Engineer: 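My questions all concern the structure below.
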Amino acid sequence: NPDLNDDGFTSAAVAHELHHAIQFGLDAHEDASFMEMSSAYVMEVVYDQSDAASAFIPEFQALPHYSLDYFDYGQPYQYGASMWLFWLLDDLYAADSADALRYIWVYSRQPFDGTNVVNEPDYFDVMSDLLAASSLDLDEVYASFAGDRWFTGDADDGTFAEGGNFPGPDIARVLDAGDLPSGDITLSDDTAEFGASYVRIDLDSPSADATLALTWDLDPGVEWTILSLRADASSDRSVIGTAATGTELFDGFDGESEIVLAFVNRGDGNHDPDNDDWAGSPVTFSLEYDDPSAPGGGGDDGGDPLGCGCSLAANRGPDGAGVSALLAFLGGAFLLRRRR
């Protein structure tokens, strides 16, 4: 691409394309989403100084309610999904990150008899096996990632090595605790399987007596994790529910200026990236805030898989012209099957 005269990025792009060649040598039928996210991960690892992935991660963060495996040819989302691999491989597997990525690719291969083109097992299957070796479930691990990806940008706490360089995930709804709508609140965009939606509640200097009551009513056909994220309270990430319906009472506030809720759709147990099934489920909830100590308070309405040395806590887009040029280079010679 004659528009690319940045030697650092060109080197990273070559690493990206060479990795595609390796992929086709291993498993030409693997889902396109994993091809792109893993090649974007590799080009950053090999040429970290170019920060090539930083052009794509903002798009991934801008659409957190999309499926992890969402793919749109020529768009940045699937490249930005490399953020998942930075978290999964570099954090959970650390020094074994290259072996973990190799494991996923090698064991995603399927028997081939000249006519079989069914992509089974796929990378979701093998990621599940890899994590199971450490007694971890993929959907629960994804929920932990959904909590961690909030702590980037202005809320960066060092979870990601370069987390301050890209924005936090898009906020589906911002609410003022002192002026909450009455009744149910339904987010405008549904949350896809292996996607997450974030709601920020701004607190107005709550007293120690303040309470915030949350009630949620979600699709029972999929599994959910509901997280409370408090960037200004020791970077707290707390699981407050895993059922489709439930309640939570927040109290004992100690200087927090906001609470962020993450509604994470962990899927129905049969998520298959080959189906391109990215339909979502609605997120509906209600909130009631009461601060009796505030003026006027007292009732506002409102081989073997690798083991990882890890423990998981229980408790909108980039510049279009620049990204288009990068994608034209990365994708120009890489013609992908579309399963529509």
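Quick caveat, the model's predicted, so the values are computed rather than measured. This chain uses plain numbering: 1 for the first residue, then up along the sequence.
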Engineer: Once you round to the nearest 0.5 Å, how far does CG of Asp122 lie from OG of Ser128?
Structural biologist: 8.5 Å

Engineer: Can you see which heavy atom on Gly158 is nearest to which on Asp156, and at what distance?
Structural biologist: N-OD1, 3.1 Å

Engineer: Contact between Phe34 and Ser39 at the side-chain level, heavy atoms closer than 4.5 Å - yes or no?
Structural biologist: no

Engineer: Are the side chains of Arg200 and Arg173 in contact, using a 4.5 Å heavy-atom criterion?
Structural biologist: no

Engineer: Same cluster or not: are Leu26 and Val46 linked, directly or through other Ile, Leu, Val, Met, Phe, Trp or Tyr residues, by side-chain heavy atoms under 4.5 angstrom apart?
Structural biologist: yes

Engineer: Strictly by modelled atom types, are Asp129 and Tyr103 linked by a side-chain donor-acceptor pair under 3.5 Å?
Structural biologist: no

Engineer: State whether a side-chain donor-acceptor pair under 3.5 Å links Ser38 with Gln23.
Structural biologist: yes

Engineer: Let me confirm one number: the CD-OH distance from Glu59 to Tyr77, rounded to the nearest 0.5 Å.
Structural biologist: 9.5 Å

Engineer: Using modelled atom types only, decide if a donor and an acceptor are shared between the side chain of Gln78 and the backbone of Glu36 within a distance under 3.5 Å.
Structural biologist: no

Engineer: Can you confirm whether or not the ring centre of Phe86 sits under 6.0 Å from the ring centre of Phe160?
Structural biologist: no

Engineer: Where do Ser207 and Asp291 land on the side chain to side chain donor-acceptor pair (under 3.5 Å) test, with the steps shown first?
Structural biologist: CA-CA 7 Å; Ser207 72; Asp291 190 350; 2.5 Å; yes

Engineer: Would you say the side-chain atoms of Asn275 pair up with the backbone N or O of Asp277, donor to acceptor, closer than 3.5 Å?
Structural biologist: no

Engineer: Quick one: do Arg237 and Asp157 make a salt bridge, cutoff under 4.0 Å?
Structural biologist: yes

Engineer: Provide the closest heavy-atom pair for Met43 versus Ala12 in the form atom of the first, atom of the second, distance.
Structural biologist: CB-O, 3.1 Å

Engineer: Would you mind reporting whether Tyr123 and Met37 have side-chain heavy atoms less than 4.5 Å apart?
Structural biologist: yes

Engineer: Testing Asp31, Asp272, Asp274, Asp125 one by one against Asn119 for a side chain to side chain donor-acceptor pair (under 3.5 Å), which residue passes?
Structural biologist: Asp274

Engineer: Any side-chain heavy-atom pair from Leu227 and Ile240 closer than 4.5 angstrom?
Structural biologist: no

Engineer: Are any of the side-chain heavy atoms of Glu258 and Val260 separated by less than 4.5 Å?
Structural biologist: yes

Engineer: Could you state the interatomic distance from CH2 (Trp278) to CG (Asp69), rounded to the nearest 0.5 Å?
Structural biologist: 7.0 Å

Engineer: How many angstroms lie between atom OG1 of Thr10 and atom NE2 of His16, to the nearest 0.5 angstrom?
Structural biologist: 13.5 Å

Engineer: Which heavy atom of Pro206 sits nearest to which heavy atom of Ala210, and what is that distance?
Structural biologist: CB-CB, 3.8 Å

Engineer: Using distance alone, with no hydrogens and no angle criterion, decide if His65 and Ser197 have a side-chain donor and acceptor under 3.5 Å apart.
Structural biologist: no

Engineer: State which residue, out of Asp217, Thr284, Leu287, fulfils the side-chain contact (heavy atoms from CB on, under 4.5 Å) condition with Asp184.
Structural biologist: Thr284

Engineer: Take Val199 and Phe285, measure what side chain to side chain contact (heavy atoms under 4.5 Å, CB included) needs, and give me the verdict at the end.
Structural biologist: CA-CA 10 Å; Val199 174; Phe285 61 96; 4.0 Å; yes

Engineer: State whether the number of non-hydrogen atoms from other residues, nucleotides or ligands found under 6.0 Å of Tyr47 atom OH is greater than 12.
Structural biologist: no

Engineer: Transitively linked via ILVMFWY side-chain contacts under 4.5 Å: Phe24 with Phe71?
Structural biologist: yes

Engineer: Looking only at side chains, do Asp251 and Thr211 share a donor and an acceptor under 3.5 Å apart?
Structural biologist: no

Engineer: Evaluate the criterion side chain to side chain contact (heavy atoms under 4.5 Å, CB included) for residue pair His29 and Glu120; output intermediate values, then yes/no.
Structural biologist: CA-CA 9 Å; His29 298 301; Glu120 296 296 341; over 6 Å; no

Engineer: State yes or no: do Leu131 and Val106 share one hydrophobic cluster built from I, L, V, M, F, W and Y residues joined by side-chain heavy-atom distances below 4.5 Å, directly or via other members?
Structural biologist: yes

Engineer: Could you pull out the closest heavy-atom pair between Trp84 and Leu68, with the gap in Å?
Structural biologist: CB-CD1, 3.7 Å

Engineer: Before you tell me yes or no, could you show the steps for Met35 and His20 under side chain to side chain contact (heavy atoms under 4.5 Å, CB included), namely the whole-Å CA-CA distance, both residues' side-chain angles and the distance that decides it to 0.1 Å?
Structural biologist: CA-CA 7 Å; Met35 288 183 170; His20 281 320; 4.2 Å; yes

Engineer: Side-chain contact test, heavy atoms from C-beta onward, threshold under 4.5 Å: evaluate it for Met83 versus Trp87 and give yes or no.
Structural biologist: no

Engineer: Tell me whether the centres of the aromatic rings in Phe124 and Phe194 are closer together than 6.0 Å.
Structural biologist: yes

Engineer: Is Trp105 linked to Val118 within one hydrophobic cluster, defined over Ile, Leu, Val, Met, Phe, Trp and Tyr using a side-chain heavy-atom separation of less than 4.5 Å?
Structural biologist: no

Engineer: Group every Ile, Leu, Val, Met, Phe, Trp and Tyr by side-chain heavy-atom contacts under 4.5 Å, then state whether Trp150 and Val174 land in the same group.
Structural biologist: yes

Engineer: Quick one, Glu140 and Leu138 - any side-chain contact, counting heavy atoms below 4.5 Å?
Structural biologist: no

Engineer: So Ser281 and Asp190, do their side chains get closer than 4.5 Å, heavy atoms only?
Structural biologist: no

Engineer: Enter the distance from Asp202:CG to Asp179:CG here, rounded to the nearest 0.5 Å.
Structural biologist: 11.5 Å

Engineer: Are the side chain of Asp268 and the backbone of Asn270 linked by a donor-acceptor contact shorter than 3.5 Å?
Structural biologist: yes

Engineer: Could you please spell out the steps behind the side chain to side chain donor-acceptor pair (under 3.5 Å) verdict for Ser228 and Glu248?
Structural biologist: CA-CA 10 Å; Ser228 164; Glu248 176 72 10; over 6 Å; no

Engineer: Roughly how far, to the nearest 0.5 Å, is the OG atom of Ser257 from the CG atom of Leu203?
Structural biologist: 7.0 Å

Engineer: Looking only at heavy atoms, what is the nearest atom pair of Val264 and Ala196, with distance?
Structural biologist: CG2-CB, 4.1 Å

Engineer: Report the C-alpha distance between Thr225 and Asn265 in whole Å, list the side-chain angles of each, state the deciding distance to 0.1 Å, and finish with yes or no for side chain to side chain contact (heavy atoms under 4.5 Å, CB included).
Structural biologist: CA-CA 7 Å; Thr225 293; Asn265 184 338; over 6 Å; no

Engineer: Establish, for the pair Arg230 and Phe253, whether the NZ or CZ atom is under 6.0 angstrom from the six-membered ring centre and no further than 45 degrees off its axis.
Structural biologist: no

Engineer: Do the ring centers of Phe263 and Trp224 come within less than 6.0 Å of each other?
Structural biologist: no

Engineer: What are the two closest non-hydrogen atoms of Thr152 and Pro169, and how far apart are they?
Structural biologist: OG1-CD, 4.2 Å

